Amino acid sequence: MTSQWETVIGLEIHAQLMTSSKLFSGSPASISQEANAQASAIDLGMPGTLPVLNQEAVMMAIKFGLATNAEICNHSTFSRKHYFYPDLPKGYQITQHEKPLLRHGTIDILLATGEKKTIHLPHAHLEEDAGKSRHEDIHGMTGIDFNRAGEPLLEIVTAPELYSAEEASACLKAIHTLVKYLNICDGYLHDGSFRCDANVSVRKKGDTDPMSRTEIKNLNSFRYLERAIEFESKRQINLLTTGKKVAQETRFFNVKKNRTERMRKKEKVHDYCYFPEPDLLPIEIDSRWVTTIKNSIAELPLERYRRFLADYKILPDEAKTYMHHRELGDYFEATLRETTMSPKNVSTWILGELSALLNKQQIPADQSPVSPDQLAGLLNRIIDGTLSRHLAKQILETMAITQKSADDIIAENELSQVTNESDIQAWITEVIETHPKEIAEYRAGKKKLLGFLIGQVMRRSHGRANPKIVAKLITTPES
Amino acid sequence: MHRKSIAELKSLLQTKAISAVELAKHFYQRIERLNPAINAYIFEARVTALEQAKMADKALASGKAPLLAGIPIAHKDNMCTKGIRTTCASKMLDNFIPPYNATIVEKLNQAGAIMLGKLNLDEFAMGSSDETSYYGPSHNPWDLSCVPGGSSGGSAAAIAAGLASTTTGTDTGGSVRQPAALCGVIGLKPTYGRVSRAGMIALASSLDHCGPLTRTAEDAAFILQAIAGFDPKDSTSVDHPVPDYLATLKRDIRGLRIGLPKEFFCKELDTRVGDLMMNAAKLLEKQGAILKEISLPNMHLSISAYHIIAPAEASSNLARFDGVRYGYRCKDPKNLDDLYSRTRAEGFGDEVKHRIMIGTYLLSAGYYDAYYVKAQRIRRLVSEDYQKAFKEVDLILNPTTPTPAFKLGAKGNDRVAMYLSDMFTVSTNLAGIPSISFPIGFIDGLPIGAQLSTNYFEEALLLNVTHQYQRLTDWHLQIPGGFE
């Protein structure tokens, strides 16, 4: 039934730019915890105040335009978008309506199949954020915090070219990763510095008529986006197959109930009375400035992905992880520089042991208690035979706690691997004496007990015995 | 003392013939006695003024006094003054005390001027008569039953009555020049962007200008010198060099070509006004200026274009007055809608509400192109008319108003009649070119003004020609009866 239908999704993303000050005032852009501590006269829309454009915000928007091969409009303009709401101090938002700064950009997304798909970004523009309502019963009223009023936003619009929840999520992730790579947005979904609305409609496959669509607002996680789209798609298909219509409306995703619901506030069709902002001049962009900005852009996400695959021969999923988590990728490369271990094996250590360690304490890679060259030091001791992998894993944990180097810990605890056969033989003898039953079974033919016996020797040696030599000595028909 | 020019006052202050404190007190005595009849001042700032005067006296004593040290001025009450009520003559801002100074207020403070108080205006500067003020109308010192003009009526009346040495006003459609003409004083509207709008409570952003009202061209030159210049807080201010306006004041005007637009001699023009204007023109011709008839063919469209752009932008600029953060708030609002509708219904006067409604309509989705966009195109035509004219002439001369001051209440419910009194001034707001009104005579005891306009950033030329006219006339020295 549902395979007759396809879902069509377009995304509208608001990325808060990481400028030092707000879009039209000198107030610090970093959010203060104290309500209204960062709301200047301009942010509050006090009488007689005028907006002054923040050049850094334009620079960041241009960076995004360059990274998405967009057309950078020279002479883009600002407009006023009018509506009344207490968190909108001037009674209008300054945005870009007629001539946005960026147009006709594209972004490539990676699907689970490894396939690449190009999504069009018809336009992206600058606009100021509104304040925040706090419906917390402040003296029996709603409080308004204007710290966020005037923050710079880059609104990014995708074409409705996403045909599944997975594609939508991949697209959101790609844009999310990109803005972080460009250092223009910190991408904190839960803080609201990267917000996503999804426009969802369904149609019969092959149909090209525009269908009624709903807007699902404020999806602040990749998972919620997917779940919301999946629910909404089913909901709309159900309506249409039972002869009903899909109302064009705004909805939100109820996380607890795992369903979309109509927004409580009745959305009236609003005439925003757009007109060009008379207090601001058109943005004139010097092409030399654009060149300087272009030169400041480092490696982009997909470039990193491709390079890691080609240079390091790691798996696509591993390369994806390094792409999406740039600090981890940086850590990986820094470690590679200091060790002779193969990239494939180093990657296993990083995505395995190191990540487990970091995740336990929720630390990002760039704040790891074990630095890349410390890790490299540890891995080198495995390569040269000083440590077994088993022992090295334990030492890694000690390194994280003590922040000492592998060599220091090895020296302090006399932990270097034992390769002397007579020493090892001594431990083997101990095991034989304490496990007569298993030895008898092994000798009788139960070969799979070998692993158990080697493990016992390893325990006796506190992990120091070279496992290969242990195996050799046990299997030699002598003991 | 109160009729002395800035230059004369400076000399007296420097030689200690009078102190800044004494000068301020002198004006305050006059204000106490004479302001009630004309209601020019709506607030006095005695405490801060006397502090400023003391500091000015110190600076004068040290020999390092700034340009306008000790000169008593007053500001139209839509210029924000830090710590001092700024109301726009509206109930909406009756309780508003800005925590910042407008840039021009700051500049004049830095120049040492003494701010005596705030002056009356039409509510939110919307009007041509000062009759819409929340604090009652101002009266024309020349005839108390007549309007002083608007919206800077208080600013013009104060000069005519000798209650300040100079005043500031704002001009969106003629609001500095028209009251100046009706009160027999000078009113200068500089080039758009010459003077910062930061801290001026906006009416129509692309049409608003701040300018001085004075008795003489030289006084206007002093004030313009202090306030002109680029301001980074105002993105529409222009980074154009500020010349020395005083240096060129007394230049010879021989050979200057003055255009007389034939469109201004229309049926609305009182013929007596037309006659006085021709007299003024002839006087300039005697001094060597060359008169030429010119045409500004799109002039008749200016009023309509203005009355689309101005209310549209005003409706937007006044959206911020909602009772949430500052200003008037209705009592016991039941919910958000109630807060908004009652605050704005109660806080704004009728003319303001009228213009907000019209402005919103003009910007609405179905009408934006037909009205606002079209009006901006007309604006372009009007500007081009001026540019073509300035290829043939250096200045343009026409009457400032079609008639002398009208009686309070005369224009009553006839809005269009009220709007037409701006017909000669609005076109320079649309084009942004500088223009000045100066007194050229009297009709039945009421002053009449002529308007000189010129091309962008040529204020020095306006002041120069006006000065040369004033050298040979004494209209600007007349004093209304009872205000000696």
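Quick note on labels: first sequence line is chain A, next is B, and so on, each numbered from 1. No experiment lies behind these values; they were computed from the predicted model shown.
Nearest approach of S235(B) to L280(A), heavy atoms of both residues: OG-CD2, 3.8 Å. For P278(A) against T236(B), the heavy-atom pair with the smallest separation is O-CG2, 3.4 Å.
Contact annotation for F321(B): only side-chain heavy atoms (C-beta onward) come within less than 4.5 Å of a heavy atom of chain A. Both the backbone and the side chain of A198(B) come within contact range of chain A, with heavy atoms under 4.5 Å apart. Heavy atoms of P99(B) lying under 4.5 Å from chain A belong exclusively to its side chain. Proximity to chain A (any heavy atom under 4.5 Å) is shown, for N78(B), by neither the backbone nor the side chain.
From L339(B), atom CG reaches atom CE of M141(A) across 10.0 Å, with rounding to the nearest 0.5 Å. A distance of 13.0 Å separates CE in M200(B) from OG1 in T49(A), rounded to the nearest 0.5 Å. How far OG1 of T360(B) is from NE2 of H82(A): 8.0 Å, rounded to the nearest 0.5 Å. Atom CG of residue D279(A) and atom CG of residue D234(B) lie 7.5 Å apart, to the nearest 0.5 angstrom. A distance of 13.0 Å separates OG of S316(B) from OH of Y274(A), quoted to the nearest 0.5 Å. Atom OG of residue S40(A) and atom OH of residue Y100(B) lie 10.0 Å apart, to the nearest 0.5 angstrom.
When the candidates P51(A), G26(A), S25(A), C273(A) are compared by the number of heavy-atom contacts under 4.5 Å with chain B, C273(A) comes out ahead. Options Y367(B), Y372(B), F96(B), Y340(B) differ in how many heavy-atom pairs under 4.5 Å they form with chain A, and the most are formed by Y340(B). In terms of heavy-atom pairs under 4.5 Å with chain B, the best-connected choice from P47(A), G91(A), G48(A) is P47(A). Considering only heavy-atom pairs separated by less than 4.5 Å from chain A, the leading option among D322(B), L93(B), L336(B), V373(B) is L336(B). The candidate with the highest count of non-hydrogen atom pairs below 4.5 Å against chain B, out of P276(A), P89(A), A41(A), is P89(A).
Counted within 6.0 Å of OH on Y371(B), heavy atoms from surrounding residues, nucleotides or ligands total 12 or fewer; the atom is thus considered open. In this structure, E71(A) places its CD atom where more than 12 heavy-atom neighbours from other residues, nucleotides or ligands lie under 6.0 Å away. Within 6.0 Å of NZ in K91(B) there are more than 12 heavy atoms belonging to other residues, nucleotides or ligands. Residue R148(A) qualifies as enclosed at atom CZ: its count of foreign heavy atoms under 6.0 Å is above 12. Annotation: K353(B), atom NZ; neighbour count of heavy atoms from other residues, nucleotides and ligands within 6.0 Å is above 12. When the shell of 6.0 Å around CD of E34(A) is examined, it contains 12 or fewer heavy atoms from other residues, nucleotides or ligands.
Under 3.5 Å, the side chains of N317(B) and R80(A) contain a donor-acceptor pair of N or O atoms.
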Criterion side chain to side chain contact (heavy atoms under 4.5 Å, CB included) on I144(A) and R325(B), from CA distance to verdict: CA-CA 10 Å; I144(A) 316 284; R325(B) 288 147 288 116; over 6 Å; no
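When atom types are taken as modelled, the side chain of R320(B) and the backbone of M46(A) share a donor-acceptor pair closer than 3.5 angstrom. Without hydrogens or angle criteria, D271(A) side chain to A365(B) main chain gives a donor-acceptor distance under 3.5 Å.
At least one side-chain heavy atom of R197(B) sits under 4.5 Å from a side-chain heavy atom of L50(A).
Aromatic ring centroids of F275(A) and Y368(B) lie 6.0 Å or more apart.
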